Colleague: 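Dropping a structure here in structure tokens format, bear with me for questions.
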Amino acid sequence: MSALNTRPPAAMRLAIHAVVYAAAATMLLPFLWMVATSLKTASAANQPPTLGTLIPTDPQWGNYAEAVRAAGLMQFYKMSIGVAVVTTLLAVAHNALAGYAFAKLRFAGKRILFGVTLATMMLPAQVFFIFAYVICSKLGYVDDFRGLVVPFLASGFGVFYMRQAITAVPNALIEAARLDGMTDGAIFWVIIRPIVWPAIAALGIFTFMNSWNSFFWPLIIIDSNENKTLPLAIAELAAGKYVQSWPVVMAAATILVVPLIVVFFLAQGAFIRGVALSGMKE
Amino acid sequence: MNHNASAYRLIAFPLAVLMVFTLVPTVLGMGLSVFEWGGGADAPRYVGLAHFRAMAGDETMRHALVNTLGYVALSVPPTILLAFLLAVAVDADWFVGKAVVRATIFMPTIVSIVAIGFVWRWVLDDQAGLLNWGLRAVGVADPPNWLIDGRWPMAWIILVAVWRGVGFCLVLYLAALSSINRNLYEAAAIDGASRSQILRFITWPSVRPMTVFLVITSVIAALQVFDLVYIMTPGRENQYTTVLNLYLYRQFAEFANFGYAAAIGIVIFAITLVFTAVQLGWVRWRGGAA
């Protein structure tokens, strides 16, 4: 429903479609160019392209094998997946349980502790990252898997978001469960979790994407090659660290980027809800 | 009934994480801005407001500030306006392929900015890039080296930021548009309002809360720009491309000026607070006047 629902003339409708589809096409173009380059020979990629060579006629699939071997891509993949999966599972669980406590339980100091939790949402990363790094180095988290995970296992935003979702669950359900002798853990798992599942899924996707795409913090805390995550690897690929041949670099970039794009198109509704959530955070 | 013990068990770990990695580091970081410290074993040295005074005469800091503000001013308004117009078009009843267009335009949002910058670097490559190939093909003999020459790199960084940011705003605008009361349009059409009048006097004001939200959050995000500039400046940023967060990073990671970095962090935070306060104040004032 919009202002354009008073049906404009056919020519205008056509023009609007053309403009919107052109805009959408620019979203795909750079990625298609990346894939096209990844299938060229090194010499073809270094020459200015011509219409004839825009789409490679003799696709060099070997570039992909070369990229995996030379750049050691699987290591970065393993690291990124490990960090994102562990962070997401543990962070969502902790944020949801804390959200449950703040939404439904009574305890001394609740207002103050919740205020503190909210306040952390507004604190500037530009200021706190310095001592977050110093503290991580004291804990032995520098250049370590734990340094990429532990600081993200709770977030003011996540706790706040889950608390808002859980507040809507009827108290009568919880009281009834309590009369049946259920513990708080059981109440959360059996009663709360199914009801707030959409919120949990949205927070999960949001947390996963944040972890997967995180760049600044890994750049600071990771030194050695075997602990690097994908974004760090891409930055180094761009600087020509692992391989110099452009088609191989592009094959590597394709391997790093395209799977996520495919997953996105398969589950775009869930992704859009999860990422749209990030708007509430910034 | 007393549920104290159980509640504390549930919140203990999350609060500890927030305390150790956010709250305490913020307090210490604020304090650090009046010290000089390299992060080593030697004790921090108190220097008062010397870092903030030094900033006034620091030419790179001035470039970073100007570039950051320019980036905010030139990337945020086009992103939001473009997203609004696209959303209105995609939302129309007669628009064909709504879901596909929405997903496609949103897609770059889920790709990491580092990967986005990387792909664009290749498109903009001087010799083998798609853009210069196209320009040469249509007879431009000597196209600029986009990522190197003068102000072009920042122009492209802004363009890529708009390109990537539009999908996110589009999705939120579509949500806002779907909740506008249909009767408003019909009433306006019956009163003889033109399509552009409806767009301007009904649609745009109706999504104003979303616009306010998008402007404020986008400005905050744009003030923190880092990844895109880092990746799209081959070799290194220069006076036309450096931004506040990048300068802070260099002071921290390369020069180990932890105190100066903290002071820059406070300046970025202060600018963010002022921008947000001014925008919220303006919204309230406009809301009262309108």
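Remember, predicted model here, so these are calculated numbers, not experimental data. Quick note on labels: first sequence line is chain A, next is B, and so on, each numbered from 1.
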Colleague: Between B:Pro108, B:Gly167, B:Ala188, which shows the greatest number of heavy-atom pairs under 4.5 Å with chain A?
Modeller: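 The answer is B:Pro108.
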Colleague: Under 4.5 Å from any heavy atom of chain A, what part of B:Val114 do you find: side chain, backbone, both or neither?
Modeller: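 Its backbone and side chain both get close to chain A.
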Colleague: Counting only heavy atoms closer than 4.5 Å, note whether B:Phe13 contacts chain A via side chain, backbone, both or neither.
Modeller: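 For B:Phe13, side-chain heavy atoms alone lie under 4.5 Å from chain A.
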Colleague: Please identify, among B:Leu23, B:Val100, B:Ile110, the residue contributing the most non-hydrogen atom pairs under 4.5 Å to chain A.
Modeller: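 Option with the top pair count is B:Ile110.
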Colleague: Within the distance-only criterion (no hydrogens, no angle test), does the side chain of B:Asn257 pair as donor or acceptor with the backbone N or O of B:Trp37 below 3.5 angstrom?
Modeller: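 Checking the backbone N and O of B:Trp37 against the side chain of B:Asn257, no donor-acceptor pair under 3.5 Å is found.
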Colleague: Tell me whether the rings of B:Tyr173 and B:Trp204 are parallel (<30°), tilted (30 to 60°) or perpendicular (>60°).
Modeller: tilted
Colleague: Heavy-atom count around A:Ile112 CD1 within 6.0 Å, excluding the residue itself: above 12?
Modeller: no
Colleague: Name the region of A:Met122, side chain, backbone, both or neither, that has any atom closer than 4.5 Å to a heavy atom of chain B.
Modeller: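 Backbone only.
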Colleague: Under the rule for salt bridge (charged side-chain N to carboxylate O under 4.0 Å, His left out), what residues qualify as partners of B:Arg200, not counting sequence neighbours?
Modeller: none
Colleague: Is B:Ile116 in contact with chain A via its backbone, its side chain, both, or neither, using a 4.5 Å heavy-atom distance?
Modeller: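 Just its side chain gets close to chain A.
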Colleague: Please rank B:Arg9, B:Arg164, B:Arg102, B:Gln197 by heavy-atom pairs under 4.5 Å with chain A and give me the top one.
Modeller: B:Arg102
Colleague: Looking at A:Leu123, A:Leu97, A:Leu153, A:Ile135, which makes the most heavy-atom pairs under 4.5 Å with chain B?
Modeller: A:Leu123
Colleague: Check each atom of A:Val257 against the heavy atoms of chain B and say whether the ones under 4.5 Å are side chain, backbone, both or neither.
Modeller: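 For A:Val257, side-chain heavy atoms alone lie under 4.5 Å from chain B.
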Colleague: Flag the one option from A:Asn95, A:Leu29, A:Thr120 with the top tally of heavy-atom pairs under 4.5 Å to chain B.
Modeller: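 Max contact count across the listed options: A:Thr120.
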Colleague: Quick one: does A:Val258's side chain get under 4.5 Å of A:Met34's, heavy atoms only?
Modeller: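 With C-beta onward as the side chain, the pair touches.
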Colleague: Below 4.5 Å, heavy atoms only, C-beta onward: do A:Ile166 and A:Phe102 meet side chain to side chain?
Modeller: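 SC-SC contact between A:Ile166 and A:Phe102 ruled out.
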Colleague: So what's closer than 4.5 Å to chain B heavy atoms on A:Leu260: side chain, backbone, both or neither?
Modeller: both
Colleague: Most heavy-atom pairs under 4.5 angstrom with chain A, which of B:Leu248, B:Val171, B:Ile266?
Modeller: B:Leu248
Colleague: Among A:Asn213, A:Thr117, A:Leu230, A:Leu256, which has the most heavy-atom pairs under 4.5 Å with chain B?
Modeller: A:Asn213
Colleague: At a heavy-atom distance under 4.5 Å, which candidate from B:Leu86, B:Ile231, B:Val111 has the highest pair count against chain A?
Modeller: B:Val111
Colleague: Could you check whether any side-chain N or O of A:Ser214 sits under 3.5 Å from a backbone N or O of A:Ser211, counting only pairs where one atom can act as donor and the other as acceptor?
Modeller: no
Colleague: Hey, can you pull the donor-acceptor pairs under 3.5 Å for the side chains in residues 18-26 of chain A, sequence neighbours left out?
Modeller:
| residue | atom | partner | partner atom | Å |
| --- | --- | --- | --- | --- |
| A:Tyr21 | OH | B:Val96 | O | 2.6 |
| A:Thr26 | OG1 | A:Ala23 | O | 2.7 |
| A:Thr26 | OG1 | B:Trp163 | NE1 | 3.4 |

Colleague: Do the side chain of B:Asn132 and the main chain of B:Asp126 share a donor and acceptor less than 3.5 angstrom apart?
Modeller: yes
Colleague: Can you tell which part of A:Leu113 gets under 4.5 Å to a heavy atom of chain B, answering side chain, backbone, both or neither?
Modeller: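 Both backbone and side chain.
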Colleague: Is chain A contacted by the side chain of B:Ala253, its backbone, both, or neither, given a heavy-atom distance below 4.5 Å?
Modeller: neither
Colleague: Select one option (side chain, backbone, both, neither) describing which atoms of A:Tyr141 are under 4.5 Å from chain B's heavy atoms.
Modeller: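 For A:Tyr141, side-chain heavy atoms alone lie under 4.5 Å from chain B.
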Colleague: With chain B, which of A:Ala101, A:Ala91, A:Pro124 has the greatest number of heavy-atom pairs at distances under 4.5 Å?
Modeller: A:Pro124
Colleague: Which bit of B:Ala137 is near chain A, if near means a heavy-atom gap under 4.5 Å: side chain, backbone, both or neither?
Modeller: neither
Colleague: Picking from A:Pro151, A:Gly156, A:Ala98, which has the most non-hydrogen pairs under 4.5 angstrom with chain B?
Modeller: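 Going by pairs under 4.5 Å, I would pick A:Pro151.
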Colleague: Is it the backbone or the side chain of A:Ala108 that comes under 4.5 Å from a heavy atom of chain B, or both, or neither?
Modeller: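 For A:Ala108, the contact with chain B is made by backbone and side chain together.
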Colleague: Name the member of B:Val123, B:Leu28, B:Val119, B:Ile113 that forms the most heavy-atom pairs with chain A at distances under 4.5 Å.
Modeller: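 The candidate making the most pairs under 4.5 Å is B:Leu28.
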Colleague: Is there a donor-acceptor pair closer than 3.5 Å between any side-chain N or O of B:Thr22 and the backbone N or O of B:Met19?
Modeller: no
Colleague: Is the side chain of B:Ser218 donor-acceptor paired with the backbone N or O of B:Val215 at a distance under 3.5 Å, no angle test?
Modeller: no
Colleague: Which residue out of A:Ser137, A:Pro30, A:Ala132, A:Gly99 racks up the most heavy-atom pairs below 4.5 Å with chain B?
Modeller: A:Pro30
Colleague: If only side-chain N and O atoms count, and only distance matters, is there a donor-acceptor pair under 3.5 Å linking A:Thr37 with B:Trp122?
Modeller: yes
Colleague: Would you call the rings of B:Phe252 and A:Tyr133 parallel, tilted or perpendicular if under 30° counts as parallel and over 60° as perpendicular?
Modeller: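 Plane angle over 60°, so perpendicular.
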Colleague: So, does A:Asp184 use its side chain to make a donor-acceptor pair with the main chain of B:Ser6 at under 3.5 Å?
Modeller: no
